[in-house]
Amino acid sequence: MQTASTNIGERMGRSQELSDSKRGPVIGGHLGNKSIRDISWLLNIPRSTVSGIITKWKQLGTAATQPPSGRPRHMTGRGQRMLKRTVRRSRQLSAEPIAKDLQTWCGLQMSPTTVRRELHGMGFHGRAAASKPSIIKCNAKRRMPWCKARRH
């Protein structure tokens with residue numbers, strides 16, 4: 001029998017997904033009326049993993065890995081880096097020219113809406129600057145002595 005310390009040391013941390021060759025013996029052990037604890041001990045796999053494999057097999061009829069849910073991402077990591085570089089180079093560009101630049105440089109066909117969504121996720125927001133009143137000559141003359149008095 002394995003000691004708890006070696007067993008815990010081997011099982012700690014996030015591990016890779018189990019291959020189909022390891023899932024087969026789990027199902028075989030279950031069909032052979034072995035308990036989850038026994039299967040876990042024999043194959044050196046965590047009990048929660050064994051339980052999950054058996055539950056999935058009962059629900060879906062297969063223990064194979066299912067494809068991930070959701071739509072695949074349109075932008076790759078390279079495209080995101082290119083987008084960020086483009087925006088940092090010239091902050092004044094709107095989404096339409098950025099989308100055209102990405103199409104010519106990376107070959108990514110992307111709508112301006114997608115560009116805006118990606119930029120928003122990166123922390124770039126399209127906001128107008130606050131309007132500041134222009135300083136006229138008479139106010140400039142009044143402000144200069146005020147500033148000089150408070151300089152130090």
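Not measured: the values here are computed from a predicted model. When a residue number appears, it is its place in the shown sequence, counting from 1.
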* Go through the steps to decide whether Ile135 and Arg143 satisfy the test side-chain contact (heavy atoms from CB on, under 4.5 Å), and finish with yes or no. => CA-CA 10 Å; Ile135 299 173; Arg143 285 173 62 137; 3.8 Å; yes

* To do: Give the minimum heavy-atom separation between Pro145 and Arg142, together with the two atoms involved.
  => CD-O, 3.4 Å

* **Nearest non-hydrogen partners of Ala99 and Pro112, listed with the distance** => CB-N, 4.4 Å

* Evaluation steps, side-chain contact (heavy atoms from CB on, under 4.5 Å), between Met110 and His74 -> CA-CA 8 Å; Met110 193 175 303; His74 188 69; 3.6 Å; yes

* Asked: If you round to the nearest 0.5 Å, how far is CD1 of Ile27 from CD1 of Ile39?
  -> 8.0 Å

* Test side chain to side chain donor-acceptor pair (under 3.5 Å) applied to Ser51 and Ser48, step by step -> CA-CA 5 Å; Ser51 176; Ser48 59; over 6 Å; no

* Asked: Pairs in or reaching into residues 54-65: which pass side-chain hydrogen bond (donor to acceptor under 3.5 Å, both in side chains), with residues at least two apart or in two chains?
  -> Glu17-Thr65

* Structure fact -> On a heavy-atom basis, the closest approach of Ile53 and Ala63 is CG2-CB, 4.3 Å

* For Ile36, does its backbone N or O pair with a side-chain atom of Ser40 as donor and acceptor, under 3.5 Å? -> no

* Compare every heavy atom of Gln80 with every heavy atom of Met122, then report the nearest pair and how far apart it is. => CE-O, 3.5 Å

* To do: Step by step, work out the side-chain contact (heavy atoms from CB on, under 4.5 Å) result for Glu118 and Phe124.
  => CA-CA 9 Å; Glu118 290 288 336; Phe124 294 104; over 6 Å; no

* Considering residues, nucleotides and ligands other than Arg78, do more than 12 of their heavy atoms fall under 6.0 Å from its CZ? -> no

* Distance-minimising heavy-atom pair for Ile98 and Val87 -> CD1-CG2, 3.8 Å

* Asked: Is there side-chain contact between Leu83 and Met75, with heavy atoms separated by less than 4.5 Å?
  -> yes

* To do: Quick one: pull up CD1 in Ile45 and CZ in Arg23 and give me the separation to the nearest 0.5 Å.
  => 9.5 Å

* Report yes or no: do Leu31 and Leu60 belong to one cluster of Ile/Leu/Val/Met/Phe/Trp/Tyr joined by side chain heavy-atom distances under 4.5 Å? => no

* Spatial distance of atom CG (Asp101) from atom CZ (Arg85) [nearest 0.5 Å] -> 12.5 Å

* Asked: Taking only residues two or more places apart in sequence or in another chain, which ones pass salt bridge (Lys or Arg N to Asp or Glu O under 4.0 Å) with Arg116?
  -> Glu96

* **Main-chain N/O of Leu93 paired to Ser90 side chain as donor or acceptor, under 3.5 Å** => no

* **Separation between CE of Met82 and OG1 of Thr76, rounded to the nearest 0.5 Å** => 9.5 Å

* To do: Over all heavy atoms of both residues, which pair between Leu102 and Gly79 is shortest? Give the atoms and the distance, please.
  => CD2-O, 4.2 Å

